[in-house]
Structure formats: structure tokens, C-alpha cells
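Presented below is the structure to which this report refers.
Just so we're on the same page: letters track the sequence lines, and every chain starts at 1.
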Amino acid sequence: MQKPSLPKGTRDFGPIQMARRNYILDQIRSTFQLFGYNQIETPAMENLSTLTGKYGDEGDQLLFKILNSGDYLKNVNAADLEKGAAATLSKVSEKGLRYDLTVPFARFVVMNRNDLTFPFKRFQIQPVWRADRPQKGRYREFYQCDADVVGTDSLVCEAEIILMIREVFAKLKLTDYSIKLNNRKILTGISEAIDAAGKEGPLCVAIDKLDKIGWEKVQEELLSRDFSSNSLEKLEPLINLSEDFAGKIQFLKKFLSGSEVGLQGIAELEELAATLIGMGENLDFVDFDVMLARGLSYYTGAIFEVKVNNASIGSVSGGGRYDNLTGVFGLSGVSGVGFSFGVDRLYDVLEELNLFPEESLQTSKILLCHFDEKGFAYGLSLVQRFRKAGIKAELYPDLAKVKKQFEFATKKGIPFVGICGDNEISENLISIKNLETGNQESMTLETAFAKLS
RNA sequence: GUGAUUGUAGCUCAGCUGGUUAGAGCGCCGGUUUGUGGAUCCGGAGGUCGCCGGUUCGAACCCGGUCUUUCACCCCA
């Protein structure tokens, strides 16, 4: 007999975890729907040609590939094997597991472009798979929870993303967090302003680590990437910039005065703020962070990242605006803005802060207990009546000692037991006992229904 | 992908420089209690020491491999 085990980086979700995860997803789903987003799903597997080349070389390595069915070696010859894994791959695998939800969404938009009404708002909550090396909070299978709107440049979308984040966090009772906001154009502007035009890629990668490794190390990294010390000097005043929203805008207008793109980024940011005000909202929780970069991805406009302040987990949500989402699939001119909640991380945060509601585990309200076959038969006749009265109820299914039945109820978190004994049967009553307080009283069924509903 | 780290009962962990039959707490099962759970006390079950191989008279302990866990890097949710 072999001991069963789980593949690296995957986990089971038991009843409690599922109840809690559904609690989070329910808040997110209802919020997305409140803002007019429609849910879609795409297959777990995609053609490898859809996935490869979209995430860079590193990303391609992290794709889970699916071996072809049947004799998957039939197209492979010795020459292929000599050329190595990369050359052989295309002959043994033509499908892979999805790596994120964005690329499948882009594929979906292109394939359905004639049936979709633009601007198209969609959300998608599905697992993705990455052949990464697992660590705490990083798994090989995890859920992503994306919302995107494509086919419009309106900054209303950005404003609504901020509102949705605030809505979800309020529903989850999270009160101490910040929505970091920046604009990719500002980063481009900065690279121009420090005489390093065109190098915003490496610049972003480096300053994205500012929180983690500090200014000293970032400087080292920038120097090793061919930034001049002159550039670093010019960059320095931005590092410790601590003004309020308006103050930062003022500073950057001056700093970026020579950069058209940079000023455009500032203008977009101001318009975003104005849009929120126009909606009767405000800039609560929003933190304009000039150093927010979000790696090297395809973002071209606003970028967001959300951090819960008193928790040990990194960002729990992020996103941004991109031009040309669908370009690689031959449909250009579709721009959009999207963001995503890290459900697994939110779970960890809520657990750490003890914010899951008591009743997230839905269980029966009452367990009918009995002493003998007569009581069992009586319970059998009652259990459906409880259910028809809308009360989650169950009958202990075996003849067993009362102690065992009560312990069963206690362990499952069932708050009441109903006792079906000779006394109750003869008077057509039921004794209801509150397991927490120990109080017990006999009553008619109607009274019991009223008490428990 | 690079470098570390972890694995002993259902859970959390002891187990000396290699030496008889591998332990504890909690949990579980049964009894104390034949219409009343959580407490006390008593009893019981449960481990091929992650797996494979090697060294040795002898391995939970040493060595090699492999899987898994955790961590840093890379990258990312």
C-alpha cells in the first residue's frame, strides 16, 4: 500500500477553507456585477501556440505543458533529441495549462470580436498554473480573479477600479490598506528627465525593488545597467518625495516639464482624480506613488497595486491600463484596463487579521438525536418537516449513544440538538437543547420552527 | 533555473557521539454514566522513522539519490 500525496505546490481545500474562500469570492463577484461586469470562463488548457511567447522566456519555462495523447513519441527522431528539449517540445506537446487569465481573455476577445459589445466588461475567476518553485503564498495552482474592460480609453474605468477595490475591501472589513497609484507615462517621462530616455524598462525593474532592497542597492543595480551617475543624481529627489497628492503633482509638473509623455501621464492622473470627485467620491486610500513600477509588463497608462498595511503579505491586488492587448492575435487597436485580486493572499490576510465571520462554515442548525429505534423513527418523521420549515436540519443516521450524538453535533458546529425520546413522542413534542448554554426545553414543533428560523 | 532547508503516531514535537521492544502531549476509540455532550479518572488502538539504495556486526541517527516542505535569489499572484 502506498501513501497518497499531492504534487508539489498544490493543496486540498477542506470544508472550512472552501467556506472562507467562497466568502471572499462572493464579495468580489457581487462587486464586479454591481459595476456591470459579466463573468466568462475559458478552458483550463489552451493551445501551446496561444500561450508561448506571451510571457517572455522565463514565462515560457513556467508553462505546464500537456503531453500529447497516444504515442507521443511517434514524431520524434534521434536528431530532434540531440537538439534538446526545446526542439523536441513542439513534437510531443501541443497544449498547455493556462498561465494567467489575461492571455486567454485576449484570445477570447479576438475570436468573439463580432459578437461582443464594446466597451466589453468581463470578469473571470479561475485557477491558473505555473511551474514555479513554490514558497509561502506562492503555489503552482492558484486562483486569479480578473476584471477588465476593453475597447475604451475612458478614465472612468480607472476610477471605477478604485471604487471596486474600496467596495470589496469594505465588504471584507479591511480598513487599513493603501491603493498605490502611478502612471507608466510618468515613468517614461522620468527616464527622459534623467537623461536615460528609452531605458524605462530596466529603470522600472530596479525601482520596483526600492521597498525591498533600498535605495543603495537600487543604485548599484542601475549603475550595472548602464545608467550614468548623473542620471542617478537627477533621480534622487524623487526617491524620498513625500508630499500629499497635490504636492507631488506640482513637483512632477516641474520635474517633467521637458517631457511630453510625462506631462500627459500627470494630466491623466489629474483627470482620474477629477473623475472620482465628479462621482461624489474622494481619494481615500489612494496613494500616488511615483516609484510604483509593477515590473516590466505591458502596461502603458495607469498602474495600481494594493497593499494591506498591517499584514505580512505583499500586494493583494494590482493592475493597470494596456494598449493593444490583442495585437499578438492580429487584432490591433483594442486597449483596456484591468486588475486582479490575489484570492489566496487575501485569504492569508483575512486569516492573519482574524476577519473571517464566525458563520462562514454553513452547517445544520439542529441535529435530531434519539435513544432507540422508536426515537429514531420519530426523528425520521420530523427531519423533513424541519427542512420544509426552512431550517437546516439533520438526523443522526445511526443508533448510537447520546454522548456520541452530542459530540458529533458539537464538532460539526451544530448549535442545537432536538431530542426524540419516549416523553416527546407520547406528547408529540420535541426537546430543544442549546449546546452552548446547555438550556433545554420541550416545545411543540411549531414553537421549535419559530425558535430556530 | 541557482543556493540552502525540512520530513519520526491523525496533529505538534522529543529521541544522547550509530546499540535491546522508537516516546510525550493533544486528538481518536472504549469504559466510568442504561434520557443528555464539553470536565475528572481508567483502559485501548495507532509508526516498514518520506521513499530507494549504500556503509556497518548493528541505522530514525552516517553517505548517495529521489520526492516533499520551508526560505533566499530570479520572477511573480
Ring centres of A:Phe123 and A:Tyr37 under 6.0 Å apart? no
Using a strict cut-off of less than 4.0 Å between a Lys/Arg side-chain nitrogen and an Asp/Glu carboxylate oxygen, indicate whether [X] and [Y] qualify as a salt bridge.
| X | Y | value |
| --- | --- | --- |
| A:Asp26 | A:Arg29 | yes |
| A:Asp284 | A:Arg166 | no |
| A:Glu351 | A:Arg20 | yes |
| A:Arg122 | A:Asp148 | yes |
| A:Asp344 | A:Arg11 | yes |

B:G58 -> Watson-Crick or G-U wobble partner, both distances under 3.5 Å, gives none
Paired to B:U70 by Watson-Crick or G-U wobble criteria (both distances under 3.5 Å) is B:A4
Answer yes or no: does a side-chain N or O of [X] lie under 4.0 Å from OP1 or OP2 of [N]?
| X | N | answer |
| --- | --- | --- |
| A:Lys403 | B:G30 | no |
| A:Gln440 | B:U36 | no |
| A:Lys401 | B:G31 | yes |

Distance between the [atom1] atoms of [N] and [M], in whole angstroms?
| N | M | atom1 | value |
| --- | --- | --- | --- |
| B:C52 | B:U68 | C1' | 15 Å |
| B:G47 | B:U40 | C1' | 30 Å |
| B:G19 | B:A24 | C1' | 23 Å |
| B:C13 | B:G27 | C1' | 14 Å |
| B:G58 | B:G65 | C1' | 23 Å |
| B:G46 | B:U55 | P | 34 Å |
| B:U6 | B:C62 | P | 11 Å |
| B:C51 | B:U8 | P | 10 Å |

Using only modelled atom types and a 3.5 angstrom limit, is any donor from either the side chain of [X] or the base of [N] paired with an acceptor on the other?
| X | N | result |
| --- | --- | --- |
| A:Gln405 | B:U36 | no |
| A:Glu424 | B:G35 | yes |
| A:Arg133 | B:U2 | yes |
| A:Thr410 | B:G38 | no |
| A:Lys433 | B:U36 | yes |
| A:Asp422 | B:G35 | no |

- Query: Any donor-acceptor pair under 3.5 Å linking the side chain of A:Ser431 with the backbone of A:Ile419?
  - Reply: no
Of the nucleotides [options], which one has an atom closest to the side chain of [X]?
| X | options | value |
| --- | --- | --- |
| A:Leu435 | B:C71, B:C28, B:G37 | B:G37 |
| A:Phe371 | B:C76, B:G35, B:C29 | B:G35 |
| A:Arg138 | B:U36, B:C74, B:C28 | B:C74 |
| A:Asn423 | B:G35, B:A77, B:C29 | B:G35 |

Contacts of A:Gly342 and A:Val402 projected onto RNA chain B by closest heavy atom; the upstream (5') one is A:Val402
Result for 5'-nearest mapping on RNA chain B, choosing between A:Ser340 and A:Gln61, is A:Gln61
Please state how far atom [atom1] in [X] lies from atom [atom2] in [N], giving the value in whole angstrom units.
| X | N | atom1 | atom2 | value |
| --- | --- | --- | --- | --- |
| A:Ile430 | B:G35 | CD1 | C1' | 14 Å |
| A:Tyr99 | B:C75 | OH | P | 12 Å |
| A:Asp100 | B:C75 | CG | C1' | 14 Å |
| A:Leu368 | B:U36 | CG | C1' | 15 Å |
| A:Leu399 | B:G35 | CG | P | 13 Å |
| A:Ile419 | B:U34 | CD1 | P | 17 Å |
| A:Trp129 | B:A77 | CH2 | C1' | 15 Å |

Classify [X] by what it touches in the nucleic acid, base, sugar-phosphate, or nothing, heavy-atom distance under 4.0 Å.
| X | answer |
| --- | --- |
| A:Gly9 | sugar-phosphate |
| A:Tyr139 | base |
| A:Gln135 | base |
| A:Leu62 | nothing |
| A:Gly438 | base |

#### Entry: A:Tyr72, OH atom: more than 12 neighbouring heavy atoms under 6.0 Å
no
- Please answer whether B:A77 and A:Phe142 are stacked, defined here as ring centres separated by less than 5.5 Å and planes angled under 30°. yes
